[in-house]
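To start, the structure itself, in C-alpha cells.
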Amino acid sequence: MQGDSSKHTPKKRGLLLVMTGASGVGKGTLRARWLADKDVFYSVSWTTREQRPGERDGIDYHFRHRDEFEAALEGDGFLEYAEFVGNFYGTPRAPVEEALASGQDVVLEIEVDGAMQVAAKSPEAVLIFIVPPSLTELRRRLEGRATETPERIEKRLRRAREEILAAHSFRYVLVNDDVDRAVTDLEAIVHAERLRSDLITDAELRRIVET
Ligand code: 5GP
C-alpha cells in the first residue's frame, strides 16, 4: 500500500485537464469535438488580443483591455498567464477552482508556458501535449490560416520544434493526425485518470471494507 490516506479530502474534486501544444496543432478543433456532448467545465480565457470575426465575447474568450488584464494579474486573479505574439492570455482562477471543488472536470486549452505554470502549481493536473503528425503538416496548417507573416510562421515553427523535443515533460502525448482517433485517445486518458488511486475517497474505501 502506498501513501498516507489522511491526506485524501472527503469530497471528490474534478479532474484538471490541460490541453496544450503549438498554435495550429488543432487544439481548438479537438476540444470542440471532444466536449460537444460532455458536462465538463471549459475554462474561457481572458485575452487582450482583438476579437476575430465570428468569435463571441464570453464564449470563445473574455476580450479585455490590457489595463483590466493587468489589474486582474495584480490581484492574483489568474491560475496561469502568458504573453503570446504580443498579447496576454490567462486562465481566470476563481471559476476553475469553484468547478473543481464542486466535483466538475475542468478543461483548459492553453499554450505551453501556461501549461508548465499549471503543472508547477497543481501537480494533480493532467497535462496532455498535442503534437502534429510532422512539422511539415504544422507548417501547412499555419500557412493555410493566412493570419501570420512568413517570419512569424518560421518563429512559431522553431518554437514548436523545441517544445516537441521536450514532450517528456507532459504526462500524455497525443498525435493529432486523425481527429476521431485523437478524441478516442482523449476519452481513454480521462477514463484512466478517473481510476487514479488518489481520487478515491477514504469514505469509499471504508464503505468497501465495512460492507
Ligand atoms: P489564439 O490567439 O490563436 O486564439 O491563441 C493563441 C495561443 O494562446 C493558443 O496556443 C491558445 O491555446 C493559447 N491560449 C488561449 N488561452 C490561453 C490562456 O488562458 N493561457 C495561455 N497560457 N494560453 C492560452
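Indexing begins at 1, ligand by ligand and atom by atom, following the structure's order. Just the heavy atoms: all of them, side chains too, but no hydrogens, waters or symmetry mates, feed the values below.
A salt bridge links R196 to E193: one of the charged nitrogens lies within less than 4.0 Å of a carboxylate oxygen.
Judged purely by distance below 3.5 Å, without hydrogens or angles, the side chains of Q51 and D57 never pair a donor atom with an acceptor atom.
At a 4.0 Å heavy-atom cut-off, the residues surrounding ligand 1 are S23, K27, S45, R49, R52, Y61, E80, A82, F84, Y89, G90, T91, E109, I110, E111, G114, listed by chain and number.
Between R171 and I128, the closest side-chain pair of non-hydrogen atoms is not below 4.5 Å. Using a 4.5 Å cut-off on side-chain heavy atoms (C-beta onward), L174 and V131 make no contact.
Residues Y89 and W46 place their aromatic rings such that the two centres sit no closer than 6.0 Å.
Residue Y81 places its OH atom among 12 or fewer non-hydrogen atoms of other residues, nucleotides or ligands, all under 6.0 Å distant.
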